[in-house]
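Working notes for the structure below.
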Amino acid sequence: MSLVLGAIADDFTGATDLANNLVRAGMRCLQTIGVPDTPLDADDVDAVVVALKSRSCAVEQAVGDSLAALDWLQAQGARQLFFKYCSTFDSTPRGNIGPVADALLERLWATQQERLQGRQTVMVPAFPVNGRTVYQGHLFVGDRLLNDSGMQHHPLNPMSDADLVRVLAQQTPHPVGLLAHATLAKGAGAAKARLAALQGEGIRHVICDTVDEHDLDVLAETVADLALVTGGSGLGQTLPETYRRRGWLAPVGNAARLAAPSGAALVLSGSCSRATLGQAEHFLRSHEGYALDPLALADSDAQIEEALAFARERLGEATPVLIYASASPERVERTQQRLGAARAGELVERAMARLARELVGNGVGRLVVAGGETSGAVVSALGVTELRIGEQIDPGVPWTQTRVAGRAAPLSLALKSGNFGGVDFFTRAFEALGRGATS
Ligand code: ADP
């Protein structure tokens, strides 16, 4: 069967979040880092999520990158397209959600007019299990309106209005409508009729209420035939079942199945987030670790050599080891005062990149990386361009597998954003790995 879903995500962790939900709902999923320059080289993939960095960049770049992703996904035969953004609708009056959605609709209108119902798409940001719901077009985080949830202080895209119809209307010249909960409560037939009526009024963008998981089921049935849907990762929980009902998805035993893992186990942590500090401390109670200090890294590479030697001596052992720069807020502040925040971060990222490259070359085959920026540095040092999504370790963090130069077998890789994961994440990750593997 061919590609069912092609998704364009506006950031890396958001892409993983969507991919993780799709896999858990039974779709075999690949995440690419940027737009691939070669065709998809796998026939056992139901969904591809292209991870862009288009959330906070200039509008023109976000539009250009998103259109390039769309063209590639269409060339791979994707049946439905999904523009994925954050469940808190992270954007500014200039964009990028509105302009990107408009550009995608225009491109689809030019290429697949027969499948577009009057240049209309839906906005489904809600993720009820994570407390993101929408009622009468207003976005809630838990029991607070978006503009009272802390998001009003976001450094890049402060969200000072919870009324998504109004928020989106600032980002697009086209009218914005609402599919209200009262209609959804009558079922998918009534919801489709409402979309058709809005289309008759020339409304391109429809904000969709979503109060609970059941609403996501109704919405998936309502929108599965649209050429383009947009929203958060919540909709990724329910679309696959709708595709299955339509016969678009072959039944698979376990969509999270990866090849058997192999090789030594290593954790690299450059995250100083509270959750990671707890995880590192917990891990070090029963495992060995090596601490990097940016002040020492600023003087010479001696510490990197020592860390390499430390890890190499232990690569034959079954238990994982940790190499970390993670430090308390006080210590990070002292370091930043001496070196500057950017230079301190750069030194750590450079060290982590080299450690990953050399140690994977020396036999590490199971690698956990903690920290968003740190993960970015490691992934680019290893030349990773795509990840096959496997079993979830903790919400939002799955094991993945990828091919890297210098290693014949696949590399198992888990990329954890700072605040994700339970306190025993570093140990539990390796215990969870390979449970459902093919051998
Ligand atoms: P998170 O996902 O927790 O935000 P990131 O990797 O995105 O983690 O960001 C952490 C940043 O802090 C990185 O740039 C990293 O290089 C830097 N860093 C790590 N350890 C230290 C340290 N001890 N002192 C100063 N900066 C550090």
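The first residue of the sequence shown is numbered 1, and numbering continues consecutively from there. From a predicted model like this one, the values you see are computed outputs, not experimental measurements. Indexing begins at 1, ligand by ligand and atom by atom, following the structure's order.
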Any protein N/O atoms within less than 3.5 Å of an N/O atom in ligand 1? List the atom names and distances, or say none.
residue	atom	partner	partner atom	Å
ligand 1	2 (O)	Gly372	N	2.8
ligand 1	2 (O)	Gly418	N	2.9
ligand 1	3 (O)	Ser271	OG	2.7
ligand 1	3 (O)	Ser273	OG	2.5
ligand 1	6 (O)	Glu373	N	3.3
ligand 1	6 (O)	Thr374	N	3.0
ligand 1	6 (O)	Thr374	OG1	2.6
ligand 1	7 (O)	Gly372	N	3.2
ligand 1	7 (O)	Glu373	N	2.7
ligand 1	14 (O)	Glu349	OE2	2.5
ligand 1	16 (O)	Gly345	O	3.0
ligand 1	20 (N)	Ala325	O	3.2
ligand 1	23 (N)	Ala325	O	2.9

### Message
Under a 4.0 Å threshold between the charged nitrogen and the carboxylate oxygen, would Glu431 count as salt-bridged to Arg428?
### Response
no

### Message
Ignoring hydrogens, what is the shortest heavy-atom contact between Leu387 and Leu415? Give both atom names and the distance.
### Response
CD1-CD1, 4.2 Å

### Query
side-chain hydrogen bond (donor to acceptor under 3.5 Å, both in side chains) with Arg144: which residues, sequence neighbours excluded?
Asp148

### Query
In terms of the angle between their ring planes, are His287 and Phe283 parallel, tilted or perpendicular, with boundaries placed at 30° and 60°?
parallel

### Query
Is any NZ, NE, NH1 or NH2 atom of the basic residue among Arg312 and Glu305 found under 4.0 Å from an Asp or Glu carboxylate oxygen of the other?
no

### Task
Please test Thr427 against Arg285 for side chain to side chain donor-acceptor pair (under 3.5 Å), starting from the C-alpha separation and ending with a verdict.
CA-CA 11 Å; Thr427 36; Arg285 279 189 223 148; over 6 Å; no

